[in-house]
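Every heavy atom of this structure was used, including side-chain atoms; hydrogens, water molecules and symmetry mates were not. Both ligands and their constituent atoms are indexed starting at 1 by order of listing.
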Amino acid sequence: MSRVRLIELRLVAIPLVRPFRTSMGVESDKECVLVRVETDESEGWGECVAGSDPGYSSEFNESAWAVLRDHLGPSLLGAGGAGAEDAERAMAWVRGHRMAKAALLMAVLDAELRADSVSLASRLGAVRDRVECGVSIGITDTSEQLLEQVEGYLAEGYRRVKLKIEPGLDVDRVAAVRGRWPEVALSVDANAAYRPEDADRLRELDRFGLLMIEQPLAHDDLYRHSLLAAKIETPICLDESIRSAAEARAAVELGACGIVNIKQGRVGGLLEAVRTHDVCRELGVPVWCGGMLETGLGRAANLALAALPGFTLPGDTSASSRYFEDDLTEPFLMAPDGTMAVPRGPGLGVRPLPGRLAACTRRIERVAKKE
Ligand code: OSB
Ligand code: MG
């Protein structure tokens, strides 16, 4: 049986084409941990969606690095098989650290599928060759800057626009965009910036016909999301609150959301992402694929996932050019009709370009086997 015989961690940094501001702060560079595994037969790559600080989730690059090097990696090296299910089992004893687990699992899946010449999309159960692209727009200094950005993205063909909002930079900003584009598919994302007492303010958004409001309240408060859902007409979508298929079920059954944003990293990996999709589909809840400003590696995984049948809304998967001048992989292009092709090659279907990888790498470390 094939085994994982080497695990290598790598911290990379790539400048973003424009700073990305949310209610959590501003990012000018994309910095993330990549995982490379070698099995007896093959090589695979994974990307960790954690950020530089623990603002979006409790995980961040240095915590992912430590848990991969000291716990998840050694457990996997000591385990029997090199399959994705073996890897999930070997990592199951570690509580939390879902983003770190997801990165290692992605690398193992990539290696396994390359050895078998199967694409990630077919492995996960994709039913589409192309997916619809949306774009997530950070908070701007002025409404004029926001309108300029929306105009540019709509001209490129994006099929849904999501505006980051926070208290005070919300109703006027949405009114400005809605006033100019009455028909565009529009949503907002608060990244947990509101409190339950803000319900009246959030109700003001009802008149704009938004597709959804994403994560208005605290990440750990399903109950108050369920109370808010009864007070506003705009459907609530949860992002930060959904860390597993079980949590998705609980959120829906509690009435805390009517739409779910699935991010493979946040739920602990691509297999749990599929299980989350399956639960939502069973419950009749639409899902879409979120994004974490991934490089081409994570983007490839998101496209494969977004091709599953329950992903009925355009996601946050945008073209490489929306994030980077130069991606780590061959760039992902969006067609003028606002769709992107799902990679069909073995595994993720893409690899880091060696020159780009060398230019972006800040640090490399190999995981040592447990004594
Ligand atoms: O809340 O969806 C979010 C990026 C980093 C952290 C959280 C979020 C986001 C985005 C970007 O909205 C989506 C993308 O990758 O384009
Ligand atoms: Mg979000």
Are [X] and [Y] close enough that a side-chain donor and a side-chain acceptor fall under 3.5 Å?
| X | Y | result |
| --- | --- | --- |
| S119 | S122 | yes |
| W65 | E365 | yes |
| N302 | T317 | no |
| E214 | S187 | no |
| R173 | T140 | yes |

Checklist entry - Looking at residues at least two apart in the chain, or sitting in another chain, which of them share a side-chain hydrogen bond (donor to acceptor under 3.5 Å, both in side chains) with R322? => result none

Name the closest protein heavy atom to [atom], giving the residue it belongs to and the distance to 0.1 Å.
| atom | value |
| --- | --- |
| atom 15 (O) of ligand 1 | L293 N, 2.8 Å |
| atom 14 (C) of ligand 1 | Y323 OH, 3.4 Å |
| atom 13 (C) of ligand 1 | G291 O, 3.4 Å |
| atom 4 (C) of ligand 1 | F20 CE2, 3.7 Å |

Item to check | Listed partners of H225 passing side-chain contact (heavy atoms from CB on, under 4.5 Å), at least two apart | outcome: Q215, P216, L217, I236, L238, S241, A256

Checklist entry - Has K164 got any heavy atom lying under 4.0 angstrom from an atom of ligand 1? => result yes

Next on the checklist: Donor-acceptor check, side chain of R159 to backbone of D337, threshold 3.5 angstrom: yes or no?
Outcome noted: yes

Item to check | Element-labelled atoms of ligand 1 that are located less than 4.0 Å from some non-hydrogen atom of E214 | outcome: 2 (O)

Residues [X] and [Y] bridged, charged N to O under 4.0 Å:
| X | Y | answer |
| --- | --- | --- |
| D129 | R344 | yes |
| R178 | E183 | no |
| R351 | E43 | yes |
| R249 | E282 | yes |

Is there at least one pair of N or O atoms, one from [X] and one from ligand 1, spaced under 3.5 Å apart?
| X | answer |
| --- | --- |
| K162 | yes |
| D239 | yes |
| M292 | yes |
| N191 | yes |
| E240 | no |
| E27 | no |
| M24 | no |

Item to check | With sequence neighbours excluded, residues passing salt bridge (charged side-chain N to carboxylate O under 4.0 Å, His left out) with E197 | outcome: R195

Once you restrict to heavy atoms under 4.0 Å, what part of [X] touches ligand 1? Side chain, backbone, both or neither.
| X | value |
| --- | --- |
| D189 | side chain |
| K263 | side chain |
| V135 | neither |

Next on the checklist: For the residue pair R10 and W45, would you count it as a cation-pi contact if the rule is NZ or CZ under 6.0 angstrom from the ring centre and within 45 degrees of the ring axis?
Outcome noted: no

Item to check | For the Mg ion (ligand 2): protein N/O/S atoms at distances below 2.8 Å | outcome: 3

